[in-house]
J.: 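Have a look at this one before I ask anything.
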Amino acid sequence: MTVGGEEIPLWDRWLYEGREAYPWEAERRPPYPWEAPLWNLAYGLDQQREMTVASGESTASSMSDPSCVGFYRVVRRGVYFFNATNNQVFSGIVELPVEIGGDFTSEPLGVALAALNDGEEDRYPNGVRGYVLDETNRTPVLVWDTHQATNGTYTLKLEVDLAGGAAITGEPVTVIVSNRIQMPRGVPQVIVSGLPIYAIIDQPNAAYTITFRNQAGTLLRTLTGNASSGVIDRVWDGLDENGNNVLTHGEYVDFEISYNPVYKGRVWVFFNDANLNGTWLIAYQRLYSGVNQTSMDNAMQQVSTSCADNGGLAFAPYVRIVPGAADWSTIRTTLPQEGTRNFYYWGHGGPARIGFGANDPFNGIRAPHLASLLGNVLVTNTFQVWHAFRFVFLDGCQTGTKASEWPETFGIGPAAETLQDFQNRGSAPRAFCGWKKKIATASFDTSRFTFTQNFFQNWIDNRERLSPALAQAMTGTIGSSQTNNLQIWGYPLLLPQ
Amino acid sequence: MTMATNALAVAALTVRLVLPAFSDFAEKAELDLPLPITESRVTKSFVSKTQPTVMVVVDGRHQFNWRSWVEDKTIGMAAQLYVGAINYYDNSNSITSLPDGSAPLISLSGKKSLITTNEAREIALSFLKRADYDLSKGRVRVDPPRVKPWRYTPNDPQQRPLPLPAFDVEFIRAGVKKPEWFDVLLDVEVSGLTKKKITRFTSSPELFEAVSVDLRKFAPH
């Protein structure tokens with residue numbers, strides 16, 4: 001987009017576009033599995049408003065009404081809540097629209113609640129979901145299931161994460177949570193074998209009923225009992241009354257705790273994927289001009305051939321990324337496919353983005369966005385892994401720094417781990433590789449892709465373990481002196497599939 | 001004499017050429033497989049066309065990897081290809097080869113190790129001595145080995161991790177307090193099911209001179 005003949009920076013462009021379209025009129029994304037419950041609620045509220053308008057009834061004019069955000073939006077500098085004020089009382093599931101404005105030196109990536117950093121952990125609210133900003137999500141609305149915070153006083157402090165690691169924070173707002181039913185241990189987004197239910201209700205010995213239903217609405221199981229000192233503490237084992245496992249991988253279960261009032265939740269069933277090795281996605285950028293690009297293509301062809309024999313290719317034979325959005329879109333849609341569990345990328349990188357290089361500054365993938373697409377997200381201080389990768393190598397600058405968001409984006413913990421560590425979590429061993437430093441050179445050096453060729457041959461064809469395969473692949477200017485710049489997180493002795 | 005291209009030089013490596021070295025390794029490591037290793041017992045192999053490497057699986061289980069690890073500038077020297085390092089994996093018994101949650105891994109967790117960590121260290125050091133590996137010849141110094149027993153955690157999180165009858169004897173770069181993957185310069189996995197069995201052996205290119213062998217010594221006179 002241009003104004004006065006000049007290209008408008010991306011974030012400014014969003015603001016311009018924000019004035020032209022009401023954000024809530026933007027096409028609604030299909031809900032990701034993990035956000036379906038809250039999304040449905042927000043979507044339901046919106047539908048309710050539309051029905052009210054259609055019926056001719058007046059709608060309340062409130063800044064908390066998302067339909068009004070577009071009309072009255074005044075861009076201020078900083079980050080603010082629209083509808084949260086000091087000492088306001090919240091119950092149930094609430095929406096918190098956020099306003100962001102100002103001249104940022106780098107691009108805003110997402111909005112979340114900031115850590116208070118004052119030792120007052122009790123005042124940090126659980127149950128608030130962060131929001132990822134991108135071209136299609138430009139009006140941040142934090143959704144807060146206040147049931148997941150015990151009744152009391154909380155401090156909400158907004159934080160906008162900027163590209164490059166910087167952040168801006170808003171003024172703290174103190175609010176009060178009051179619910180008759182509390183879920184202080186939170187509600188898992190994903191379950192593997194069963195569902196723990198822990199609730200605090202306002203009647204010490206009330207009789208309760210918990211029902212579990214599948215996607216078709218069929219009743220799977222009913223648990224009944226009486227609260228003990230106001231606590232409901234049960235675990236559903238995923239079985240029906242006859243002892244049959246009724247969990248279906250990839251589908252959700254709705255549960256309802258009722259005594260008066262009720263609490264409804266939705267969890268997704270995701271089995272242990274210990275044996276799910278999956279297919280490969282190979283993607284690379286041609287970054288240097290004036291070199292033999294055919295050699296680069298040949299190298300990637302060899303990598304693809306090795307990977308094709310090692311689980312198959314999710315996108316055959318590879319994605320050769322050229323400037324523009326199309327190839328990145330292919331990557332964004334291929335990675336979340338159920339079977340894609342291995343990813344090799346060669347090109348511009350950073351701790352929280354790939355692409356966005358000098359050759360194509362507006363296209364790439366940001367870690368928070370991809371994490372959202374994959375469902376590997378931080379939820380109330382607990383990392384939920386919906387789509388874990390078996391192996392990821394982001395062969396670009398700074399993808400393996402301490403601040404890198406990439407390993408967790410792919411469901412891999414940023415630590416060297418043993419088989420036992422993975423077993424403790426009930427998951428199969430995985431590994432992430434990235435570079436700790438900038439590895440780009442001013443001129444093209446064939447050792448960059450020779451290293452890649454060597455590594456895949458060592459690991460897949462020679463079936464060396466991961467770390468020896470990498471160490472023995474170092475050659476030329478990327479040689480052994482660079483070995484200690486390569487970060488392996490996860491299991492360094494990982495085998496190919 | 002320098003050969004024309006890397007590919008030609010690498011082509012000199014064959015399965016037949018490296019088998020005697022693997023037999024020698026197997027003997028010194030006291031692996032339980034009949035010796036010498038013959039081509040007829042090779043169940044899988046891979047000879048790289050671009051790197052000086054050969055991978056061989058014998059009897060469907062014992063995996064040997066040969067690498068004539070040389071710098072790019074000298075890779076064309078045919079003579080260098082006769083000097084290489086060997087990695088070894090017992091694909092049926094190395095803990096790193098057993099699928100997570102697999103029956104063999106679970107069954108191993110019920111077995112008691114016949115050796116202690118000290119004995120595992122002794123087994124590893126004895127092998128290095130028999131193989132005539134001299135770590136002082138490496139480009140970097142290593143600390144005395146550390147021994148890590150393997151453990152297995154059953155699915156039930158309430159249950160304590162069970163010891164597995166296996167040990168990793170690791171040689172770390174000298175002076176490194178918090179070693180990363182590239183600081184583990186030599187790694188010997190010792191099974192606790194017998195009092196001698198080695199189930200995995202890998203070494204870093206930085207110790208190439210310390211562990212390399214010369215194929216020419218196996219050539220018939």
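Note on naming: letters A, B, ... go to the chains in the order of the sequence lines (proteins, then strands), and numbering restarts at 1 for each one.
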J.: Please look at B:K148 and chain A and tell me whether the side chain, the backbone, both or neither of the residue comes under 4.5 angstrom of a heavy atom of that chain.
T.: neither
J.: Please list, in residue-number order, every residue in residues 301-309 of chain A that has a heavy atom less than 4.5 Å from any heavy atom of chain B; write 'none' if there are none.
T.: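 Answer by number: none.
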J.: Does atom CZ of B:R146 have more than 12 heavy-atom neighbours from other groups under 6.0 Å away?
T.: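 Count over threshold, so yes.
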J.: What residues of residues 54-64 of chain B make heavy-atom contacts with chain A at a cutoff under 4.5 angstrom?
T.: B:M55, B:Q63
J.: Is the shortest side-chain heavy-atom distance between A:Q487 and B:E180 below 4.5 Å?
T.: yes
J.: Pick one of side chain, backbone, both or neither for B:S45, based on which atoms fall under 4.5 Å of a heavy atom in chain A.
T.: neither
J.: Check side chain to side chain contact (heavy atoms under 4.5 Å, CB included) between A:S467 and all other residues, then give those that pass, not counting sequence neighbours.
T.: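 Residues passing side chain to side chain contact (heavy atoms under 4.5 Å, CB included) with A:S467: A:I488, A:P492, A:L493, B:W181.
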J.: Nearest heavy-atom pair of B:F46 and A:N462: which atoms, and what distance?
T.: CD2-OD1, 3.2 Å
J.: What pair of heavy atoms forms the shortest contact from A:A471 to B:P205, and how long is it?
T.: O-CG, 3.6 Å
J.: Below 4.5 Å, heavy-atom pairs only: which of A:N458, A:L495, A:L494 has the largest tally toward chain B?
T.: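 Top option by heavy-atom pairs under 4.5 Å: A:N458.
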J.: Answer yes or no: does atom CG of A:N244 have more than 12 heavy-atom neighbours from other residues, nucleotides or ligands under 6.0 Å?
T.: yes
J.: Which heavy atom of A:Q472 sits nearest to which heavy atom of B:S203, and what is that distance?
T.: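 Closest approach of A:Q472 to B:S203, heavy atoms only: NE2-O, 3.9 Å.
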J.: Who are the side chain to side chain contact (heavy atoms under 4.5 Å, CB included) partners of A:P351, not counting sequence neighbours?
T.: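 For A:P351 the side chain to side chain contact (heavy atoms under 4.5 Å, CB included) partners, ignoring immediate neighbours, are A:Q398, A:T401.
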J.: Could you give me the CA-CA distance, side-chain angles and deciding distance for B:T96 and A:R465, then say whether side chain to side chain donor-acceptor pair (under 3.5 Å) is met?
T.: CA-CA 8 Å; B:T96 62; A:R465 301 313 187 259; 3.2 Å; yes
J.: side-chain contact (heavy atoms from CB on, under 4.5 Å), that's the test. Do B:T53 and A:E464 meet it? Break it down for me.
T.: CA-CA 11 Å; B:T53 61; A:E464 293 276 11; over 6 Å; no
J.: Given that the side chain runs from C-beta out, which part of B:D183 has a heavy atom under 4.5 Å from chain A: side chain, backbone, both or neither?
T.: neither
J.: Is there a donor-acceptor contact under 3.5 Å from the side chain of B:Y89 to the main chain of A:R463?
T.: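 No; judged by distance alone, with no hydrogens or angles, the pair does not exist.
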J.: Is A:D461 reaching over with its side chain to a backbone N or O of B:S48, donor-acceptor style, under 3.5 angstrom?
T.: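 No; zero donor-acceptor contacts below 3.5 Å.
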